[in-house]
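To keep things clear, I will list the structure first and then write my remarks on it.
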Amino acid sequence: MSRYFKAKIAENKQLQKEHNLLTLIPLAPIKEPEPGQFYMIGMEGDYDPLLKRPFSLFRRTAEGLQILYRIKGRGTALLRNMGEGSVIDVLGPLGNSYPITAKRYTPLIVAGGIGIASLFSLAERFGEDARIFYGVRSESEFLLLEELKKCVGELYVTTDDGSCGERGCVTDTVRSFLSDNTSQNAQYSVYACGPRPMLGALWSMVKGRGIPTYVSMEENMACGIGACLGCAVKTVDGHKRVCKEGPVFSIDDIVW
Ligand SMILES: Cc1cc2nc3c(=O)[nH]c(=O)nc-3n(C[C@H](O)[C@H](O)[C@H](O)COP(=O)(O)OP(=O)(O)OC[C@H]3O[C@@H](n4cnc5c(N)ncnc54)[C@H](O)[C@@H]3O)c2cc1C
Ligand code: FES
């Protein structure tokens with residue numbers, strides 16, 4: 001089955017000023033995606049007929065796929081303007097997925113900002129077993145909070161400005177949680193996606209504690225299929241391609 005397919009936009013719904021939820025109906029049978037994988041999505045502009053950008057699988061629905069995206073620059077601004085019924089080029093699912101740790105581990109899911117897009121389907125898969133730590137700059141930036149509340153065991157929210165939940169970084173809440181539950185640390189696994197400084201802070205917190213921790217890395221991508229080396233990150237075993245060997249890495253493999 002080819003990873004390249006065309007898909008019809010069923011909905012391109014604005015959730016917040018800078019965030020949309022895109023619902024796609026593939027026009028051909030697709031390879032089933034796993035949480036953590038991503039798609040290269042084509043955005044047709046007058047000057048960029050071949051422009052593709054990487055986006056995580058947000059959710060697999062009965063009819064198709066959903067992508068949660070933040071309007072950042074040229075490509076995502078074009079995507080925002082694509083209406084219902086438009087047909088776009090999609091390549092995927094690409095990359096690896098989040099490893100599912102043994103049942104004895106309680107999964108702690110740590111999302112910073114739009115990092116929730118990559119982790120949402122993982123949270124749905126773990127369901128009641130999962131504890132989610134979700135941090136954004138200000139209350140208005142939370143996305144689909146009610147849906148998250150319904151699907152996981154516990155939800156801890158933080159905002160940089162204190163407008164909702166704890167004030168501070170999401171990693172502060174994770175640190176307190178691990179300190180309050182020291183005797184159970186060996187029973188946790190951690191999954192994280194967010195800005196690199198957040199992931200670096202997480203590493204300094206979990207290293208040496210024997211907590212299996214997986215992070216989804218983001219780098220600018222050109223091809224998405226391992227050919228251009230543009231997305232390489234430094235790991236303890238040399239450079240690795242985020243689009244091919246990743247995007248999910250063990251936190252201990254990355255040079256922070
Ligand atoms: C594996 C992977 C999964 C991703 N999943 C999602 C997702 O589910 N939802 C979502 O909103 N975004 C996601 N991103 C980020 C998304 O690809 C970028 O925001 C997007 O490519 C920006 O395109 P643009 O044309 O709008 O911006 P550009 O005009 O290309 O760039 C605008 C600014 O964004 C920066 N930028 C571009 N690409 C990235 C990137 N990959 N990471 C961080 N900064 C970037 C540029 O350096 C520049 O400063 C993902 C990235 C990767 C690598
Ligand atoms: S984007 Fe080309 S090798 Fe990863």
Side-chain angles (χ1 to χ4, degrees), residues 3 7 12-24 33-60 65-82 88-98 109 111-124 134 136-137 141-144 148 191-200 214-235 238-249 254:
R3 284 176 199 265
N12 193 358
K13 184 178 174 185
Q14 182 171 18
L15 299 180
Q16 310 273 353
K17 199 164 142 241
E18 288 182 339
H19 296 91
N20 275 35
L21 181 64
L22 181 70
T23 303
L24 297 175
E34 290 293 324
Q37 289 192 292
F38 71 96
Y39 293 88
M40 295 296 286
I41 294 196
M43 288 146 258
E44 301 234 339
D46 292 345
Y47 303 106
D48 300 297
L50 300 172
L51 188 73
K52 276 201 172 65
R53 294 284 190 259
F55 297 96
S56 304
L57 165 76
F58 174 68
R59 182 160 51 190
R60 173 75 165 113
L65 303 167
Q66 286 186 316
I67 301 291
L68 181 64
Y69 68 95
R70 176 172 175 208
I71 291 97
K72 191 126 192 203
R74 218 157 36 108
T76 42
L78 283 171
L79 187 59
R80 177 188 20 206
N81 291 332
M82 299 191 73
I88 59 174
D89 291 329
V90 185
L91 180 64
L94 299 170
N96 63 2
S97 55
Y98 292 108
I109 295 180
I114 191 64
I116 195 67
S118 158
L119 293 162
F120 192 93
S121 57
L122 182 73
E124 278 190 324
Y134 181 16
V136 295
R137 284 174 298 189
E141 293 181 14
F142 281 118
L143 299 166
L144 303 165
L148 264 181
Y191 299 88
C193 183
R196 195 176 167 111
M198 177 199 111
L199 301 180
Y214 303 97
V215 290
S216 180
M217 302 297 290
E218 272 197 17
E219 287 295 328
N220 289 356
M221 287 185 180
C223 72
I225 53 168
C228 73
L229 308 182
C231 63
V233 280
K234 206 169 173 188
T235 75
H239 282 87
K240 291 198 173 162
R241 296 161 297 181
V242 170
C243 69
K244 202 71 185 173
E245 286 81 33
V248 179
F249 293 89
I254 302 291

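Throughout, residue positions are numbered sequentially from 1 according to the sequence presented. Side-chain atoms are counted along with the backbone in the values below, which use heavy atoms only and exclude waters and symmetry mates. Both ligands and their constituent atoms are indexed starting at 1 by order of listing.
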Counting only non-hydrogen atoms of the protein, does one fall under 4.0 Å from [atom]?
atom	value
atom 18 (C) of ligand 1	no
atom 24 (P) of ligand 1	yes
atom 7 (C) of ligand 1	yes
atom 31 (O) of ligand 1	no

Can you tell me if L68 has a non-hydrogen atom under 4.0 Å from ligand 1? yes

Specify whether an N/O/S atom of C243 falls short of 2.8 Å from atom 4 (Fe) of ligand 2. yes

Shortest protein contact, atom 1 (S) of ligand 2 (heavy atom only): G224 N, 3.2 Å

Looking only at protein heavy atoms, identify the closest one to atom 3 (S) of ligand 2 and say how far it is in Å. L229 N, 3.1 Å

Is [X] in polar range of ligand 1, meaning some N or O pair under 3.5 Å apart?
X	answer
M221	no
P54	yes
R53	yes

Approximate separation, where rounding is to 0.5 Å, of M82 CE and I88 CD1: 6.0 Å

With backbone taken as N, CA, C and O and side chain as the heavy atoms from C-beta onward, which portion of C228 lies under 4.0 Å from ligand 2: side chain, backbone, both, or neither? both

Check: of E218, R70, Q37, K72, min heavy-atom distance to atom 44 (N) of ligand 1 comes from K72

Which of the numbered atoms in ligand 2 are below 4.0 angstrom from a heavy atom of A227? 3 (S)

Worked check of side chain to side chain contact (heavy atoms under 4.5 Å, CB included) between Y69 and I114: CA-CA 7 Å; Y69 68 95; I114 191 64; 5.7 Å; no

